[in-house]
Each structure stands twice: as C-alpha cells, then as structure tokens.
Amino acid sequence: GLQRDLMPKHVAVILDGNRRWGQQRGLPVDETHRAGGQKMREIASLCQKWGVKVLSVFAFSTENWVRPQEEVDILMNLFGEQMISYFGEAMRTGVRVSIIGDKSKLPKIIQNIACELEESTKANTQFHIIAALNYGGQQDITQACKKVAGKVKEGLIQVEDINNNLIKEELETNCTEYPNPDLLIRTSGEIRVSNFMLWQLAYTEMLFVDKLWPDFEESDFVEALRSFQQRLRRYGGQA
Ligand SMILES: CC(C)CCOP(=O)(O)OP(=O)(O)O
Ligand SMILES: [Mg+2]
C-alpha cells in the first residue's frame, strides 16, 4: 500500500493524448478538450486527497500555437471557463492558483482572469496549482538570467556572486515551498519533456504512461504514486 510519508510533495503532469482520445470516439475538438479539462480538475482533487501539496500541469506549450486557429480558440476559451468556474472553489478550499508562461500572447480576457485568480488566491496555503500556459522551460531560464543580469547592471550583485540559487530564485516556479516536481507524469505514450520545466525537473522521477489523458483514472494515479514510492524505497536500499 501507499505510505503517507513517501508521498511526492510536488507532482507535475504533461497531459497529452486528448485529440487521439477524441478521434477514437468521433468527438468534436471542443468536447475533446473539455474532457481533458475535466480530467485536470479530477487529478487536482486526487492530489489533495492523497496529500500532494503542489500540482503543476502543462496545459499549453509555446508549440501549441501552430494548431488550427479554431482549436487554439477552443483551448483559450476553455482555460478562461475553467479559471472562472474554479475561482469560487479555490477560495473556499484554500487553493492557490499560479499561471506561469508568457501571458502577453494570451487573449487579453484570459490574461485578466489569470491575474485576478492569481492575485485573489496567492495567500491560500492548502494546495497549490501551477498551470503552465504558453510556457517554455528554456524561455523560463532565459528570463531568469535576464533578471540576474539586470541586478548586476544595477550594481546590486557582482558577476562572481551569480550561482544556481540566484537563477533558481528568478524562475517562474520559485513561488512555492516545493518549487521542483518530485514526480512527473506524461500520458499518451510520448516519451519527451517538450521544453517543460527544464531546470526544475533536474532530479524529478519521470513516469511515462500509455493511457491517453482523458482516460487517466484514480487507479492510474495511485499506480503512479506507488511506482514513485517503489523507486524511493530502492534508492533507500542502495544507501
Ligand atoms: C494542448 C494540450 C492541452 C492537449 C494535449 O493533447 P493533444 O491535443 O496533444 O492530443 P494528441 O497528442 O492526441 O494530439
Ligand atoms: Mg499531443
């Protein structure tokens, strides 16, 4: 069985396989991605049920802009709808929501909802959801380096002072006590990191499962947690 003290504090998910799932069922794109969004809500609840403290989800990458405009619009509308409908629940249940990535390319209305949701929930401490929208791991590291370079330019620090911690503090995910994912789950059989949180994933246990994202159930999540705990125990065995 699962041990409470071996739970991952921060779980990251690269949800993948929505379109294949929809095609298998002859569903239109909006119903397909709606199912994906619903699954995200379910997994967020499961994380809280099992004592995970932070859930990061890769919901839209910089590469997704090349999709048909109709699909991008559907995804953007869905993100807006999800943030608005989740607003009340987040405030009631003490959930903090952060939206990371380059928001400037998102529709203005989505930017506004995201900022409002982040601002209103930033003091919440029960659970933390980090939604990566138009996020890229290389872009994250680059913007962090620019911030550090700015501090050198302002004479706040010397070049010799630059170390990993100074960069880490400027990453978009440094806003939590558990900034680095302990477990990364990617669905649909793709075995790639796809420019997700490159710096943060340095020591993350990675699990790639064949199930398509909308088919990912509680039993699959429990299996992922068990697999994670198995690895920790083996590591302990080597000590
Ligand atoms: C963009 C993201 C939220 C959806 C992930 O699923 P997907 O659309 O990449 O689905 P496929 O990998 O089956 O094309
Ligand atoms: Mg895909």
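We count residues from 1, following the sequence as given. This is a predicted model, so every value here is computed, not measured. Order of listing sets the numbers, starting from 1, for every ligand and every atom in it.
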When you look for heavy atoms under 4.0 Å from ligand 1, do you find them on the side chain of [X], its backbone, both, or neither?
X: His33; value: side chain
X: Leu212; value: neither
X: Asn18; value: both
X: Ala59; value: backbone

Counting backbone and side-chain atoms alike, does Asp16 have an N/O/S atom under 2.8 Å from the Mg ion (ligand 2)?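 An N, O or S atom of Asp16 is closer than 2.8 Å to the Mg ion (ligand 2), so yes.
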
Output the list of atoms in ligand 1 that are nearer than 4.0 Å to some heavy atom of [X], sorted by atom number.
X: Asn64; result: 1 (C)
X: Arg20; result: 11 (P), 12 (O), 13 (O)
X: Leu15; result: 3 (C), 5 (C)
X: Asp16; result: 5 (C), 6 (O), 7 (P), 9 (O), 10 (O), 11 (P), 12 (O)

Side chains of [X] and [Y]: does their closest heavy-atom pair fall under 4.5 Å?
X: Tyr86; Y: Ile129; result: yes
X: Thr93; Y: Gln126; result: no
X: Val209; Y: Asp220; result: no
X: Asp102; Y: Gln139; result: no
X: Glu63; Y: Ser194; result: no

Give a yes/no on ligand 1: does [X] have at least one heavy atom closer than 4.0 angstrom to it?
X: Arg67; answer: yes
X: Gln23; answer: no
X: Gly17; answer: yes

Hey, is Lys9 close enough to Glu177 for a salt bridge, meaning N to O under 4.0 Å?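 Looking at Glu177 together with Lys9, the answer is no, because their closest N to O distance does not fall below 4.0 Å.
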
salt_bridge(Glu42, Lys39) N-O dist < 4.0 Å: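 Salt bridge flag = yes for Lys39 with Glu42.
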
side-chain hydrogen bond (donor to acceptor under 3.5 Å, both in side chains) between Gln69 and Asp73, intermediate numbers included: CA-CA 6 Å; Gln69 189 55 46; Asp73 293 345; 2.7 Å; yes

Which label fits Phe58 and Phe196: parallel for a plane angle under 30°, tilted from 30 to 60°, or perpendicular past 60°?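 Parallel: the ring planes of Phe58 and Phe196 meet at under 30°.
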
How far is atom 14 (O) of ligand 1 from the closest protein heavy atom, and which atom is that?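 Among all protein heavy atoms, the one nearest atom 14 (O) of ligand 1 is Arg19 NE, 2.7 Å.
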
